[in-house]
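As structure tokens, the structure follows; a few thoughts come after it.
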Amino acid sequence: MPRSEIKVTVLKRVAPEYVFNGNVPEAPNGQKYTKCMNFKEGQEFIIKKDNTRPDGFCLWAFENIFRDVSILMFGGDFYPWTKKGTQITCCNDGIRPVIFKLE
């Protein structure tokens, strides 16, 4: 079965203040939670046909989006929910999620 490379674009890093409506819980180490520091909006990654995690891509986020990446890589689709050949997905960090576009 043919495979395609997948482009991943970081669309949005969501601030904990938004998630918790301004009432952000304290982190276990006593520090304040911030937006995810592993990514920047507009950052792009290419997932090669071997389906391995790109250098610099957060392991937890990659595990979260892996299913959607695999579906597109093997020719599947999410249409009619999104434009054909694309998917909007996110990591499941409930405090500071990151939203990605897969193409």
Side-chain angles (χ1 to χ4, degrees):
M1 176 171 272
R3 295 183 183 194
S4 301
E5 291 184 345
I6 303 296
K7 181 171 91 169
V8 180
T9 305
V10 179
L11 295 180
K12 179 95 174 152
R13 297 177 306 143
V14 180
E17 292 79 12
Y18 179 80
V19 173
F20 291 97
N21 198 26
N23 190 20
V24 181
E26 187 176 286
N29 62 7
Q31 294 182 347
K32 183 180 178 187
Y33 285 111
T34 62
K35 286 183 180 181
C36 176
M37 300 304 288
N38 293 313
F39 298 105
K40 295 182 175 118
E41 281 90 353
Q43 191 174 14
E44 295 180 348
F45 297 88
I46 299 294
I47 299 177
K48 302 288 186 187
K49 293 178 182 182
D50 63 3
N51 214 359
T52 57
R53 180 173 54 100
D55 289 340
F57 203 98
C58 171
L59 174 63
W60 292 105
F62 188 73
E63 292 295 323
N64 293 157
I65 70 169
F66 185 79
R67 179 191 58 141
D68 292 346
V69 166
S70 296
I71 289 169
L72 289 176
M73 184 172 282
F74 285 97
D77 217 340
F78 296 93
Y79 180 80
W81 297 281
T82 60
K83 181 181 169 188
K84 207 160 183 59
T86 66
Q87 172 68 325
I88 306 299
T89 190
C90 66
C91 76
N92 64 10
D93 183 328
I95 296 172
R96 52 185 167 237
V98 178
I99 302 165
F100 303 98
K101 179 179 182 182
L102 309 178
E103 305 176 82

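Heavy-atom basis, side chains included; hydrogens, waters and symmetry copies ignored.
- Using a 4.5 Å cut-off between side-chain heavy atoms of Ile, Leu, Val, Met, Phe, Trp and Tyr, with links allowed through other members, Ile71 and Val69 fall into the same hydrophobic cluster.
- Taking the side chain as every heavy atom from C-beta outward, Gln87 and Leu72 approach each other to under 4.5 Å.
- Taken to the nearest 0.5 Å, the CG atom of Asp93 stands 7.0 Å off from the SG atom of Cys36.
- Taking the side chain as every heavy atom from C-beta outward, Val98 and Arg96 never approach each other to under 4.5 Å.
- Scored by the side-chain hydrogen bond (donor to acceptor under 3.5 Å, both in side chains) test, Ser70 finds Asn51 as partners (sequence neighbours excluded).
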How far apart are the C-alpha atoms of Ile6 and Ile46, what are their side-chain angles, what is the distance that settles it, and do they pass the side chain to side chain contact (heavy atoms under 4.5 Å, CB included) test? CA-CA 6 Å; Ile6 303 296; Ile46 299 294; over 6 Å; no

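- Taking Asn29 as the reference, Ala27, Gln31 meet the side-chain contact (heavy atoms from CB on, under 4.5 Å) condition, with sequence neighbours excluded.
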Side chain to side chain contact (heavy atoms under 4.5 Å, CB included) between Val19 and Ile95: does it pass, once the steps are laid out? CA-CA 7 Å; Val19 173; Ile95 296 172; over 6 Å; no

Show me the donor-acceptor pairs, under 3.5 Å and distance only, between side chains in residues 54-67 and residues at least two apart or in other chains.
{"residue": "Asn64", "atom": "OD1", "partner": "Asn92", "partner atom": "N", "Å": "2.8"}
{"residue": "Asn64", "atom": "ND2", "partner": "Asn92", "partner atom": "OD1", "Å": "3.3"}

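- Among residues at least two apart or in separate chains, there is no salt bridge (Lys or Arg N to Asp or Glu O under 4.0 Å) pair with a member in residues 18-31.
- Asp68 pairs by the salt bridge (Lys or Arg N to Asp or Glu O under 4.0 Å) definition with nothing, not counting sequence neighbours.
- The six-membered or imidazole ring of Phe100 lies away from that of Phe45, with a centre-to-centre distance of 6.0 Å or more.
- Atom CG of Asp50 sits in a crowded spot, with more than 12 heavy atoms from other residues, nucleotides or ligands closer than 6.0 Å.
- Within the structure, the salt bridge (Lys or Arg N to Asp or Glu O under 4.0 Å) test picks out the following pairs touching residues 71-84 (sequence neighbours left out): Asp77-Lys84.
- Here Glu103 contributes atom CD and Thr86 contributes atom OG1; the two are 7.0 Å apart, rounded to the nearest 0.5 Å.
- Evaluation of the ring-ring contact (aromatic ring centres under 6.0 Å, His included) test over residues 2-32, restricted to residues two or more places apart or in two chains, returns none.
- Each side-chain hydrogen bond (donor to acceptor under 3.5 Å, both in side chains) pair with one or both residues in residues 33-49, not counting sequence neighbours, appears once here: Arg13-Glu41.
- In this structure the side chain of Met73 reaches within 4.5 angstrom of the side chain of Ile47, judged on heavy atoms.
- Criterion: ILVMFWY side-chain heavy atoms under 4.5 Å apart, direct or through other members. Under it, Val10 and Val14 are not part of a common hydrophobic cluster.
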